[in-house]
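Have a look at the structure below, then the notes.
Chain naming here is simple, since letters A, B, ... match the order of the sequence lines and numbering starts at 1 in each.
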Amino acid sequence: MKELLLGNEAVARGLYEAGVRVVSSYPGTPSTEITEAAATHDEIFCEWAPNEKVAMEVASGASFGGARSFCGMKHVGLNVAADPLFTMSYIGVNAGMVIGVADDPGMHSSQNEQDSRNYAIAAKLPMLEPSDSSECRDFTKLAYRLSEQFDTPVLLRLSTRVSHSRSIVELEDREERPLLPYHKDPSKNVMLPVFATKKHAVVEKRTVALAEWAETAEINRVEDNGSDVGVIAAGSVYTYAREALGDTVSYLKLGMVNPLPERLIRDFASRVKKLYVIEELDDVLETFCRKIGVPVIGKDVFPRCGEFSQSVIRRCVLGEEPETMQVQQPIPGRPPVMCCGCPHRGVFYTLKKLGVYVSGDIGCYTLGATAPLSAMDASICMGASVSSLHGFNKAIGAEAEKKSVAVIGDSTFIHSGITGLIDIAYNKSNSVVMVLDNSITGMTGHQQNPTTGYTIKGDPTSAVNLEALCHAVGIARVRVVDPYNLKETEQAVREELEADGPSVIICRRPCALLKYVKHNPPLTIDRDRCIGCKRCLGIGCPAISIHGNKAEIDATQCVGCGVCEGLCPKQAIGAKEAAK
Amino acid sequence: MSNVTSVLIVGVGGQGTLLASRLLGKTMMDLGYDVKVSEVHGMSQRGGSVETYVRYGDRVYSPVIDPGEADVVLAFEQLEAARFLPFLKKGGTVITNTQKIDPMPVVAGSAQYPEGLLEEIKAQGARVLAVDALSLAEQAGSVKAVNVVLIGAMAKTLGTEPDIWLKSIEATVPPKFVEMNKRAFELGYAAES
């Protein structure tokens, strides 16, 4: 049967067909759908772990236990999981273990553009890179065979374009794989220096063996079109090159991007007069070619930043620019915004009003940095809001503690905010942390997490009690507010900034897009009362606009959250009956 | 790749552009074409401008549509039709919903929603099919069927017969909405003349 699958769904199909039994991941665009799609199969135990490091350790343990295992994450998630990654490289596997990592060239939904191939080199692990959904499925299955044959975890590198593109996959059956027996072997699985010293040498030999395998592997293939010009490419970049240059050049299409096949590359180079290495982000393939003395054209003509496409290749190789039409008037931008009824809106409105330093984090609420809320001072990575606020306050002292807060979502707090809060309690800063608890992992499209009380499959489970957790790490002042209530929220922030000792304010209100959340009837504006002061625009709600000097509320968008009501100096905003 | 057709579907996050691209992709696969669809997930869904690429033909390599490459731009909103006009091939067709949704800079009063966009797009040499999809959807029975009306207009423009689409709709939509969505599709299909 043929299906039009997302790259991520095709990876999940590969997991299913390869007989994988355990999948543990943390959501992150563009990797999230792998684990969601895998969770639709009852044969696979799937979970959302608190963070990527936990996920990779769960997958490691499952491999020890004899089950084929997987963990998936976005590129920056691999930073979090780097610790187990490097040592699992030494340990190897019992049953096969594959790590899916999705890079985001062009930063469609990320804070940086790091190239995960560098991890494969640094951790000395094989890495496969598919270019479409069919290869996503095939390479996933191949990764398990390689993992078991060479006793190594295998990295599967994806990118936004491969993860989030659909193409045709011919489905195959699941291969039922019995659990492999577990044998106690500390020299393999306990990485004390005495054992690790020996394992390092094994890893170096393994890399040589994998490179030899790569010389003749089917996934590294030459397409000889009899041209004087050659192109070396992998992943989606290969498809862009095919699109731009067609059969006018010959190709070396690499399915394995670490380790690289030296003889195959030399042989391909010897058939052409001019050789391009086309790769997004870093010059990984190019550097290898130069190291083995093969002259290539690479980053001297192709960009290091951003996502590629066929037009980038046409411009860099052929010097061609596309012919285009455009309207002459300026087109206003349409940036992403917080949704109507978003519980984060009132929090950022309040923080802007109070003029405090806001240490931000990763999630929908990072949009609190954008106009008109413009209420964020810094945002680094998952969990950093809490710990970097502590550092900010230690640097400046009591003066800063009275005028600064951290904001962090429920899922991000569990991921790595809690460790920062422990630091605040232990090392005594008077910091105020606001946990924006919208009862879901919102940004990546509504995944359950340890605070929601449900598993990935929707089964009820225990839920972290955030209040008790904060108390337990040594925070005496913990209070809960409703972020729809601006007065209550403002009062809480003012009081906690003044208070002695660290505090946590939990702003609790479920995401307005959750199916179980009931919406109120839309609010309306009494045009006779409205004086056109535009104060209601200050919350940046997409449902409110100004027409003919009067505010208007779009009834198709408004969910009646009421946050705007309190801002109107003339009480012109209200439920329908009141306005009439 | 001259035998590949490229359809760029654009709109505002939450308008249902993904259903349109999936239905188009599935229909073309059922018709025996090679297909690639590229979707936008994550940050861009939050009320922002969204774009989805659908390409089909004998053999499709790239899932991306670049400026100057789209045979058809299907816009769920007028401003988005204008924004993505540079992606249209010379002589290509813009199918656009006549609906206007103010973006945040307009809402906040820092920019004006441009007037006369459709005329300007025509003046550039594009073939324009403007569809009042909101009214047609209401006529079909629900304002939520705007995307299916637009799919109908696109199906005609691409030179496909209604039957295979109606089958896809039957297979995709919950039973109680099938008739309404079929009406919406047919109204959209008839809007293209």
Side-chain angles (χ1 to χ4, degrees), chain A residues 2-4 6 29-30 32-33 108-109 132 160-162 164-168 236 238-244 246 309-312 314 322-340 364 367 370-372 443-445 534 537 540-542 544-546 554 556, chain B residues 1 12-14 21-22 25-26 29 34-49 53 60-69 79-80 82-83 85-90 101-117 120-121 123-126 143:
Chain A
K2 281 196 302 188
E3 276 202 44
L4 194 58
L6 275 183
T29 313
T32 311
E33 299 82 5
H108 295 269
S109 195
D132 63 15
T160 298
R161 207 49 79 178
V162 170
H164 286 169
S165 290
R166 289 177 187 275
S167 55
I168 298 170
S236 58
Y238 161 77
T239 70
Y240 306 146
R242 284 281 345 187
E243 189 74 35
S309 65
Q310 54 267 29
S311 67
V312 171
R314 281 196 199 105
E323 269 190 75
T324 60
M325 299 176 266
Q326 63 179 48
V327 300
Q328 299 307 309
Q329 301 185 66
I331 305 289
R334 194 186 296 276
V337 291
M338 283 182 193
C339 307
C340 290
C364 293
L367 289 171
T370 59
M443 187 75 210
T444 43
K534 301 184 180 174
L537 296 183
C541 175
I544 309 177
S545 57
I546 296 282
D554 177 355
T556 64
Chain B
M1 302 295 114
V12 180
S21 61
R22 282 174 199 178
K26 166 97 171 61
M29 180 180 79
D34 188 24
V35 179
K36 283 197 173 152
V37 179
S38 196
E39 303 178 351
V40 176
H41 297 223
M43 193 80 169
S44 323
Q45 286 179 310
R46 308 279 176 256
S49 175
Y53 312 130
V60 181
Y61 285 103
S62 172
V64 176
I65 299 174
D66 269 333
E69 292 184 356
L79 191 62
E80 300 311 309
R83 188 190 315 283
L85 181 62
F87 284 76
L88 193 70
K89 205 181 264 179
K90 292 269 175 191
I101 300 172
D102 288 347
M104 190 47 72
V106 173
V107 168
S110 66
Q112 291 286 318
Y113 195 107
E115 295 295 329
L117 284 176
E120 245 198 281
I121 294 171
Q124 288 291 320
V143 293

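Looking at Cys541(A), the atoms closer than 4.5 Å to chain B (heavy atoms on both sides) all sit in the backbone: N, CA, C or O. Within the 4.5 angstrom heavy-atom criterion, atoms from both the backbone and the side chain of Pro332(A) approach chain B. Proximity to chain B involves both the backbone and the side chain of Gln328(A), based on heavy atoms less than 4.5 angstrom apart. Contact of Ser236(A) with chain B is not made at all, since no heavy-atom distance falls under 4.5 Å. Neither the backbone nor the side chain of Phe87(B) comes within contact range of chain A, judged by heavy atoms closer than 4.5 Å. For a residue to count as touching a neighbouring chain, one of its non-hydrogen atoms must lie under 4.5 Å from one of that chain's; by this rule Glu69(B) touches chain A with the side chain only. Only the side chain of Asp132(A) comes within contact range of chain B, with at least one heavy atom under 4.5 Å from a heavy atom of that chain. If you measure heavy-atom distances from Val106(B) to chain A, the contacts under 4.5 Å come from the side chain alone.
Taking chain A as the reference chain and counting heavy-atom pairs below 4.5 Å, the highest number among Gln112(B), Glu80(B), Lys26(B) is found for Glu80(B). Top candidate by heavy-atom pairs under 4.5 Å with chain B, chosen from Ala244(A), Cys340(A), Ser309(A), is Ser309(A). Of the residues considered (Ile65(B), Asp34(B), Leu117(B), Leu79(B)), Leu79(B) shows the highest number of contacts with chain A, using heavy-atom pairs under 4.5 Å. In terms of heavy-atom pairs under 4.5 angstrom with chain A, the leader among Lys90(B), Glu120(B), Lys36(B) is Glu120(B). In terms of heavy-atom pairs under 4.5 angstrom with chain B, the leader among Gly540(A), Pro322(A), Gly333(A) is Gly333(A). For the options Leu537(A), Val327(A), Asp554(A), heavy-atom pairs under 4.5 Å to chain B are most numerous at Val327(A).
Considering every non-hydrogen atom in both Gln310(A) and Val64(B), the closest pair reads NE2-O, 2.8 Å. The two residues Pro542(A) and Val107(B) come nearest to each other via the heavy atoms O-CG2, 4.1 Å. The heavy-atom pair separating Gln124(B) from Met325(A) by the smallest distance is O-SD, 3.3 Å. When all heavy atoms are compared, the tightest approach of Thr324(A) to Pro86(B) is CG2-O, 3.3 Å. Residues Pro114(B) and Gln329(A) come closest through the heavy atom pair CB-OE1, 3.2 Å.
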Please evaluate residues Ile101(B) and Arg334(A) with respect to the criterion side chain to side chain contact (heavy atoms under 4.5 Å, CB included), reporting the C-alpha separation (whole Å), side-chain torsions for both, the decisive distance (0.1 Å), and the verdict.
CA-CA 10 Å; Ile101(B) 300 172; Arg334(A) 194 186 296 276; 3.9 Å; yes

Given side chain to side chain contact (heavy atoms under 4.5 Å, CB included), test Met104(B) with Thr370(A) step by step and report yes or no.
CA-CA 11 Å; Met104(B) 190 47 72; Thr370(A) 59; over 6 Å; no

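Applying the side chain to side chain contact (heavy atoms under 4.5 Å, CB included) test to Ser165(A) and every residue at least two apart in sequence or in another chain returns Arg161(A), Ser38(B), Pro63(B). Residues that satisfy the ring pair (Phe, Tyr, Trp, His ring centres under 6.0 Å) test with Tyr240(A), not counting sequence neighbours, are absent from this structure.
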